[in-house]
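To keep things clear, I will list the structure first and then write my remarks on it.
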There are 2 protein chains.
Amino acid sequence: MFLGTYQNKIDDKNRMAVPAKFRDQLGGKCMLTKGFDECLYIYTMEDFEVMAAKIAALPQSDADFREFIRDFFGNSELCELDGQGRIKIPQNLRDYAHITKDLVTTGAMNKVEIWSAETKADFDLAKKMKDSKFTDKLREFSI
Amino acid sequence: MFLGTYQNKIDDKNRMAVPAKFRDQLGGKCMLTKGFDECLYIYTMEDFEVMAAKIAALPQSDADFREFIRDFFGNSELCELDGQGRIKIPQNLRDYAHITKDLVTTGAMNKVEIWSAETKADFDLAKKMKDSKFTDKLREFSI
DNA sequence: GTAAAAGTGGGGAAAAGTGGGGTAAAATCT
DNA sequence: AGATTTTACCCCACTTTTCCCCACTTTTAC
């Protein structure tokens, strides 16, 4: 399970250090994809395979599905971690997540989310506005 | 069951000694999470698993649920107690609970609450103000 | 009062994070 | 096709952070 929040940077060569806590679970390589909410997702190979199989099975006769399939696979990338535990983030994904320099990396159960620090800050602020709803939801699941 | 209230400190290396009374029940490690009311919770591994399993089952297609999952897992941390029975509190959780130096640690049945001493004092005062009799009496003498 | 346990502080080795050089491969241009 | 430029990738170096361990102080228990 991926847990916790980390600050990190992308360098001039578009490399990002994967937080050390996540590396063992990924085992040297991972799938980097476009996430919801203007962030990127890192999946383990196994989880990605499961998703990919489901998505590939969607009926290609439907135009919406075709677009979705194109979007999903076109914005997925197999990333191998280098000797320092870093992955390279390609331009199309950097653009999508507005990534320039400072990042926030968050464990979200079965995936890791990569955010531009600025985008995340804006998003969190917006979230705060509707925070009471949130707390109520948390209460439902608390023990 | 976790019982009792303890004063303690966080040191310059962001470590907090878990009150000795709680250690046996935690068994060397615990889950540290964001709580309600600007405090942190310590759960046993077992209790956390129960909550996590429920939350993991939420549909990721719903934006609110995605935020919730991100918030919950991103602000959870597996903490191993060091040789002195201390855990490290990460920055995101310190920030959330306004933790700088002095802490109050309270057993709350199935979880342990960690408060910044100042935040707890403010919270207790605010609670006192809400006590109707007290407030009414205060009104008589207020100017 | 004494011994044991709990709490607190800090040194130092190891790991993680970060930046950059150099070479090979790929792409582009003429 | 050959030459030139760009990109990728492996490796090394430096800085920062983490974590293990030891030592001292304070509290608790008998």
Side-chain angles (χ1 to χ4, degrees), chain A residues 2-32 40 42 75-95 99-107 112-117 120, chain B residues 2-32 40 42 74 76-95 99-107 112-117 120:
Chain A
F2 298 108
L3 298 172
T5 299
Y6 302 87
Q7 320 284 329
N8 43 1
K9 293 188 174 79
I10 193 168
D11 66 20
D12 293 343
K13 293 180 177 178
N14 302 313
R15 298 173 301 186
M16 182 203 78
V18 175
K21 287 262 174 69
F22 299 154
R23 288 180 202 163
D24 287 348
Q25 298 175 68
L26 295 174
K29 55 186 173 177
C30 61
M31 293 301 305
L32 184 65
L40 306 179
I42 293 175
N75 290 296
S76 294
E77 196 83 21
L78 171 59
C79 296
E80 310 223 8
L81 279 70
D82 71 10
Q84 274 67 11
R86 293 175 290 199
I87 55 173
K88 183 179 168 296
I89 302 180
Q91 192 183 350
N92 57 321
L93 293 177
R94 290 201 307 276
D95 290 347
I99 286 171
T100 52
K101 191 79 197 162
D102 292 303
L103 306 175
V104 176
T105 307
T106 296
V112 176
E113 294 188 359
I114 302 171
W115 289 78
S116 155
K120 183 77 162 53
Chain B
F2 298 108
L3 297 171
T5 298
Y6 301 87
Q7 320 286 327
N8 42 3
K9 293 189 175 79
I10 192 167
D11 67 19
D12 291 343
K13 292 181 178 179
N14 302 314
R15 298 173 300 187
M16 183 203 78
V18 175
K21 287 265 173 66
F22 299 154
R23 288 179 201 164
D24 287 347
Q25 297 175 67
L26 296 174
K29 56 186 173 177
C30 62
M31 293 300 306
L32 185 64
L40 307 179
I42 292 174
S76 294
E77 198 81 24
L78 171 59
C79 297
E80 311 223 9
L81 279 70
D82 71 10
Q84 274 68 8
R86 293 174 290 198
I87 55 173
K88 182 179 169 294
I89 301 180
Q91 191 187 348
N92 55 318
L93 293 177
R94 289 201 307 277
D95 290 347
I99 287 172
T100 52
K101 192 77 197 162
D102 292 303
L103 306 175
V104 177
T105 306
T106 298
V112 177
E113 292 187 2
I114 301 171
W115 289 79
S116 156
K120 182 79 160 57

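Protein chains get the first letters and strands the later ones, always in sequence-line order, with residue 1 at the start of each.
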Rounded off to whole Å, could you give me the OH-to-P distance for the Tyr6(A) and dT17(D) pair?
-> 15 Å

Separation between CG of Leu3(A) and OG1 of Thr106(A), rounded to the nearest 0.5 Å | 11.0 Å

Okay, side chain of Arg23(B), backbone of Val18(B): is any donor-acceptor separation there less than 3.5 Å?
-> yes

Return the 5'-most residue of the pair Asn14(A), Arg86(A) with respect to DNA chain D, ranking by each residue's nearest nucleotide.
-> Asn14(A)

Figure out the CD/C1' separation between Gln91(A) and dT6(D), and round it to whole Å.
-> 14 Å

Between dG19(C), dG17(C), dG7(C), which nucleotide has the shortest distance from any of its atoms to the side chain of Asp11(A)?
-> dG19(C)

Rounded to whole Å, NZ of Lys9(B) lies from C1' of dT26(D) at a distance of 11 Å

Side chain of Asn8(B), backbone of Ala17(B): donor and acceptor closer than 3.5 Å?
-> yes

Nearest whole angstrom, please: distance from the C1' of dC11(D) to the CD of Gln84(A).
-> 7 Å

Among dT8(C), dC12(D), dA6(C), which is the nearest nucleotide to the side chain of Arg23(B)?
-> dA6(C)

Closest nucleotide among dG7(C), dG20(C), dT18(C) to the Ala17(A) side chain | dT18(C)

Between dA16(C) atom C1' and Leu103(A) atom CG, what is the distance in whole Å?
-> 16 Å

Option from Ile42(A), Leu26(A), Asp82(A) for which side chain to side chain contact (heavy atoms under 4.5 Å, CB included) with Ile87(A) holds = Ile42(A)

To the nearest angstrom, how far is Lys21(A) atom NZ from dG17(C) atom P?
-> 10 Å

Checking all strands, does Asn8(A) fall into the base, sugar-phosphate, or nothing category for heavy-atom contacts under 4.0 angstrom?
-> sugar-phosphate

Can you tell me how far C1' of dT8(C) sits from CG of Asp82(B), to the nearest Å?
-> 11 Å

Heavy atoms only: give me the nearest Glu77(B)-Gly4(A) pair and the separation to one decimal.
-> OE1-CA, 3.5 Å

Base, sugar-phosphate, or nothing: which does Lys13(A) touch, judged by heavy atoms less than 4.0 Å apart?
-> base

Report yes if a side-chain nitrogen or oxygen of Lys88(A) is closer than 4.0 Å to either non-bridging phosphate oxygen (OP1 or OP2) of dA8(D); otherwise report no.
-> yes

Whole-Å distance separating the CZ atom of Arg15(B) from the C1' atom of dG10(C) | 8 Å

